[in-house]
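The structure appears right after this line, and notes come after that.
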Amino acid sequence: TIMADITERKLAEKALEESEERLRLIGESINEVFWIADVRTGKIITVSQSYERVWRRTCKDLYENPRSFFDAIHPEDREHVILHVQTQMCRELPFDNEYRIVWPDGSIRWIFCRGYPVRDQTGMQEVTKYAGVAQDITRQREAEYRAQGMLLQNRLLTKGMYAEKEEARRHLARELH
């Protein structure tokens, strides 16, 4: 009946609203950027508010111009990231990338991003969307660089101490002979 159809539709709309509200609350509560993109149109379906903190660009701008996501990637990383993402999406496979983005003020941040194919619920099982999470890993990268620097400095000091010890040993050997 018409009444049953309307009731069923109202229940589905309420369930959708509740689901969207839960997704919004999660998106506002986490530091990672959660996103969903439509494969066919290339448009962003949803992106968490944390995008604005991590990318220093507005969600509104991303919705209006989904390519702005790639425009923010550091020029030296952009081509590789685009090629990798497109290749994996064509194969309907997950992807992950580590790359730099450039904030509007010129600051550089490191990002780790993962994307996963989302299949439709019909019998076709066609990938219609990609969902993903992006995380600012700048602090971890900086810590890695500091650790590498300290390791290199330690190696140089050790090498220098070994060279001094070897020189002292040779000097002593000359004096004894």
Side-chain angles (χ1 to χ4, degrees), residues 16-120 126-160:
L16 179 61
E17 286 175 15
E18 289 172 355
S19 177
E20 287 174 345
E21 177 63 12
R22 284 191 298 272
L23 183 61
R24 185 188 64 76
L25 288 172
I26 290 169
E28 289 177 359
S29 303
I30 62 175
N31 289 324
E32 291 79 10
V33 177
F34 172 77
W35 54 268
I36 300 174
D38 185 295
V39 172
R40 286 182 224 118
T41 65
K43 293 189 184 250
I44 301 298
I45 296 169
T46 189
V47 65
S48 61
Q49 200 62 36
S50 53
Y51 173 79
E52 295 189 358
R53 278 191 311 274
V54 175
W55 259 258
R56 297 288 158 96
R57 289 164 173 80
T58 67
C59 294
K60 181 179 181 284
D61 288 345
L62 184 62
Y63 286 123
E64 291 172 359
N65 178 14
R67 299 281 312 159
S68 67
F69 172 86
F70 292 110
D71 295 341
I73 296 174
H74 192 284
E76 292 176 11
D77 300 343
R78 189 177 303 135
E79 186 178 331
H80 168 75
V81 171
I82 292 171
L83 181 63
H84 179 70
V85 169
Q86 288 175 341
T87 300
Q88 295 302 91
M89 289 176 93
C90 285
R91 295 177 180 164
E92 298 185 344
L93 295 172
F95 62 83
D96 59 44
N97 270 308
E98 193 171 297
Y99 54 86
R100 296 165 291 174
I101 60 170
V102 181
W103 279 354
D105 70 1
S107 300
I108 294 175
R109 306 297 290 180
W110 281 93
I111 302 295
F112 181 71
C113 184
R114 287 188 168 149
Y116 303 92
V118 178
R119 299 186 184 282
D120 68 5
E126 177 185 2
V127 173
T128 57
K129 299 175 186 82
Y130 262 77
V133 178
Q135 178 180 11
D136 184 336
I137 59 166
T138 304
R139 285 190 178 149
Q140 293 95 311
R141 279 302 217 126
E142 289 171 346
E144 287 172 16
Y145 286 135
R146 282 193 302 275
Q148 287 173 354
M150 291 183 339
L151 184 60
L152 178 61
Q153 187 176 23
N154 188 26
R155 285 183 183 153
L156 292 172
L157 286 171
T158 303
K159 189 175 183 178

**Request:** Look at the side chain of Ser107 and the backbone N and O of Trp103, then say whether any donor-acceptor pair between them is shorter than 3.5 Å.
**Result:**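 A pair under 3.5 Å: no.
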
**Complete:** Residue set satisfying ring pair (Phe, Tyr, Trp, His ring centres under 6.0 Å) with Trp35, at least two apart, ordered chain then number -> none

**Partner residues of Tyr51 under the ring pair (Phe, Tyr, Trp, His ring centres under 6.0 Å) criterion, sequence neighbours left out** = Trp55

**Prompt:** Excluding sequence neighbours, so at least two apart, what forms salt bridge (charged side-chain N to carboxylate O under 4.0 Å, His left out) with Arg78?
**Reply:**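 So Arg78 forms no salt bridge (charged side-chain N to carboxylate O under 4.0 Å, His left out) with any residue.
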
**Request:** Quick one: which residue pairs count as a salt bridge (charged side-chain N to carboxylate O under 4.0 Å, His left out) with a foot in residues 105-119, not counting sequence neighbours?
**Result:**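 Non-adjacent pairs meeting salt bridge (charged side-chain N to carboxylate O under 4.0 Å, His left out): Glu92-Arg119, Arg109-Asp136.
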
I'd like to check the side chain to side chain donor-acceptor pair (under 3.5 Å) partners of [X]; sequence neighbours left out, ordered by chain and number.
X	result
Arg100	Glu76, Asp77
Glu79	none
Glu98	Arg141

Taking side-chain contact (heavy atoms from CB on, under 4.5 Å) as the test, write out the residues that go with [X], two or more places apart.
X	result
Gln135	Glu32, Ile137, Gln140
Arg67	Asn65, Phe70, Ile82
Val85	Val81, Met89, Phe95, Asn97

**Request:** Find the distance between NE2 (His80) and NE2 (His84) and round it off to the nearest 0.5 Å.
**Result:** 6.5 Å

**Asked** Do Asp71 and Ser68 get their side chains close enough for a donor-acceptor pair, meaning under 3.5 Å?
**Response** no

